[in-house]
Amino acid sequence: MSKKYRIRKLLAPTAGFRKAVAMVVLGILIFVVGCGLSFTRLIQPWVGHLEGFARHVLSMLGVPKDQLETATWLLGGFLLFIGFYLVFQGLRAAIRHIWETINPEFKGGMVDVYVRRQQLAQGPRIVALGGGTGLSTLLRGLKQYSSNITAVVTVTDDGGSSGRLVQDKSIIPPGDMRNCLVALADAEKTMTDLFQHRFTKESGTLSGHSVGNLLIAALIDQAHGDFEKAIEIASDVLAIRGRVVPSTMDHVRLRAIMEGGLEICGETKIVQSSQRIRRIFLDPENPNAYPGAIEAIADADLICIGPGSVYTSVIPNLLVQGIAEAIRDSHGRKVYICNVMTQRGESDAFTASEHITALQANLDMKLFDSVVINTGIPSEQALGKYREAKQYLVEADIDRIRAMGYKVLAGDYMNESDLVRHDPMRLAARLIGLVSR
């Protein structure tokens, strides 16, 4: 990277601020020139009157005549200092009042907030592809390092609230989009909690619906069916760091060929099947990629594939026409993030290398050169709960993955709370390290 390019990249986020400063400087220069041109006729007479008044006041206070000149100069300097101090404090109080009105939760210094936002604006360009809770977990960590994030989300969900809205409104499933918007949000917790609130069984026809899904559907109505506009508005409401885009705007379903040769259509039915998935397809095949997704991938410094359900969240994005090719041709670092736990009905008993094999079996090209694998071990209590649900810790068969030609980024990236999943901060720190060297 040339020195000239680095300087331009460093200054790029301050373009608007530099323009404002330049306007202020120009205004001051014009004001000074105007004062100079009108000094004799307009300003000098007033200055003379003020100086005479000051001398009169000082003489009344007992200042000797031979010291009036010096006393007048000292008084003028003192008044200049007091005037500057009052203007500074007044402007500071006014700006702070406006800032706190716009940001009720504001606690820190404005300079700290400004510097932090400029640092995020200068962060690496990151594209994260996937869906479900895996992608949203990753985004929570990445947004601490950059605001140049594009989440490319799968749109094949046909279950729950999203599935019902797809049937009732003929819209793209909003569920995974909503999760990513909330993950990248910089808004108040009250607003993000509202977006994620799900109505209970006692809520009648609203039962099972997420408020965020309903709000996105309402925004689509207000935007006269424009899904992109609706997501833009939702992004503004949540003040997200980055943007969330679908992999395709076409209506698609998943179609799977199972191990016994049976063909099943629909994500929910595929996951609920007791048979192992052999191949996954989109129906119709080769839908058009969302242009914004292709552009983001081409410009990315880092491309993250996963974590997420390998067959229903990760691979569907890569089957969209143009997505895999754009990743292959990108000059950014490309990383696959393997899941921490297996998923029943989709990756039963899969080792880490078998997750990669599943990707290779459904794609005809190599898309990534590095694999993030968790080597942390959950507590026996947590493992017991997962065994009851027939889910297991993904075996980190590192040697086999290296034999497949991939660089392994192994480490304890696990977080254990109610669920065992990736720790967003540990994972993000490792990924950012790849592009910050």
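- Side-chain contact check for I337 versus C304: some heavy-atom pair is nearer than 4.5 Å.
- The NE2 atom of H422 sits 14.5 Å away from the CZ atom of R140 when rounded to the nearest 0.5 Å.
- Using a cutoff of 4.0 Å between basic side-chain nitrogens and carboxylate oxygens, R125 and D301 are scored as salt-bridged.
- Among the candidates L184, V244, N179, the single residue satisfying the side-chain contact (heavy atoms from CB on, under 4.5 Å) test with L139 is L184.
- Residues Y413 and I373 fail the side-chain proximity criterion, which asks for heavy atoms closer than 4.5 Å.
- Using a 4.5 Å heavy-atom cutoff, the side chains of R241 and I149 are not in contact.
- Between D348 and R276 there is no salt bridge, since none of the side-chain N atoms of the basic residue sits less than 4.0 Å from a carboxylate O of the acidic one.
- Residues K189 and D193 are paired through a salt bridge, judged by an N-O separation under 4.0 Å between the basic side chain and the carboxylate.
- Residues P173 and D158 have side chains not in contact (no heavy-atom distance under 4.5 Å, counting atoms from C-beta outward).
- Judged by distance alone, the side chain of E346 and the main-chain N or O of Y311 form a donor-acceptor pair under 3.5 Å.
- Counting only distance, with no hydrogens or angles, the side chain of K143 and the backbone of A183 share a donor-acceptor pair below 3.5 Å.
- Judged by distance alone, the side chain of T375 and the main-chain N or O of G411 form a donor-acceptor pair under 3.5 Å.
- With salt bridges taken as basic N to acidic carboxylate O contacts below 4.0 Å, none links R243 and E228.
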task: Test L367 against K334 for side chain to side chain contact (heavy atoms under 4.5 Å, CB included), laying out the working first.
output: CA-CA 7 Å; L367 297 184; K334 307 155 194 176; 6.0 Å; no
message: What verdict does the side chain to side chain contact (heavy atoms under 4.5 Å, CB included) test give for L359 and F368, after you've listed the backbone C-alpha separation in whole Å, the side-chain angles of each residue and the deciding distance to 0.1 Å?
response: CA-CA 11 Å; L359 287 168; F368 48 89; 3.9 Å; yes
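- Between the side chain of R402 and the backbone N or O of V408, no donor-acceptor pair lies under 3.5 Å.
- A donor-acceptor contact closer than 3.5 angstrom links the side chains of T200 and E202.
- Between L282 and L254, the closest side-chain pair of non-hydrogen atoms falls below 4.5 Å.
- Using the six-membered ring where Trp is involved, F81 and Y85 have ring planes that are parallel, under 30° apart on the 30 and 60° scheme.
- At least one side-chain heavy atom of D157 sits under 4.5 Å from a side-chain heavy atom of E267.
- Side-chain N or O atoms of R198 include one that pairs as donor or acceptor with a backbone N or O of G208 at under 3.5 Å.
- More than 12 non-hydrogen atoms from other residues, nucleotides or ligands lie less than 6.0 angstrom from CD of Q89.
- Applying the 6.0 Å contact sphere to NZ of K229 captures no more than 12 heavy atoms from other residues, nucleotides or ligands.
- Distance alone, capped at 3.5 Å, is enough to place a donor-acceptor pair between the R279 side chain and the A361 backbone.
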query: After noting the C-alpha distance and the side-chain angles of I270 and I280, does the key distance pass the side chain to side chain contact (heavy atoms under 4.5 Å, CB included) rule?
result: CA-CA 10 Å; I270 291 170; I280 202 87; 4.0 Å; yes
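- Put simply, the side chain of K169 never gets that close to the backbone of I220: no donor and acceptor are under 3.5 Å apart.
- In summary, the side chains of N148 and Q122 do not present any donor paired with an acceptor at a separation below 3.5 Å, with no hydrogens or angles considered.
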- prompt: For R387 and E380, what are the C-alpha separation, side-chain angles and deciding distance, and is it a salt bridge (Lys or Arg N to Asp or Glu O under 4.0 Å)?
  reply: CA-CA 10 Å; R387 276 195 294 267; E380 185 58 37; 2.4 Å; yes
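- Taking the side-chain hydrogen bond (donor to acceptor under 3.5 Å, both in side chains) definition, one finds that S247 meets it with N317, sequence neighbours left out.
- With hydrogens and angles ignored, the 3.5 Å screen pairs no side-chain donor or acceptor of E259 with any backbone N or O of R278.
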message: If you apply the rule side chain to side chain contact (heavy atoms under 4.5 Å, CB included), what do you find for M249 with I172, and how did you get there?
response: CA-CA 7 Å; M249 291 291 290; I172 291 175; 3.7 Å; yes
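- Atoms CD1 and CZ, on I257 and F281 in that order, are 5.5 Å from each other to the nearest 0.5 Å.
- No side-chain heavy atom of L302 sits less than 4.5 Å from a side-chain heavy atom of P124.
- Note: L138 CG to D423 CG = 11.5 Å, rounded to the nearest 0.5 Å.
- Contact check for L135 versus S313: no side-chain heavy atoms found under the 4.5 Å cut-off.
- When atom types are taken as modelled, the side chain of T248 and the backbone of N288 share a donor-acceptor pair closer than 3.5 angstrom.
- Note that CG of L319 and CZ of R255 are 10.5 Å apart. Values are rounded to the nearest 0.5 Å.
- To the nearest 0.5 angstrom, D299 atom CG is 7.5 Å from E295 atom CD.
- Counting only distance, with no hydrogens or angles, the side chain of Q275 and the backbone of L262 share no donor-acceptor pair below 3.5 Å.
- More than 12 heavy atoms of other residues, nucleotides or ligands sit less than 6.0 Å from atom CE of M404.
- Aromatic rings from F195 and H197 are positioned such that their centres are separated by 6.0 Å or more.
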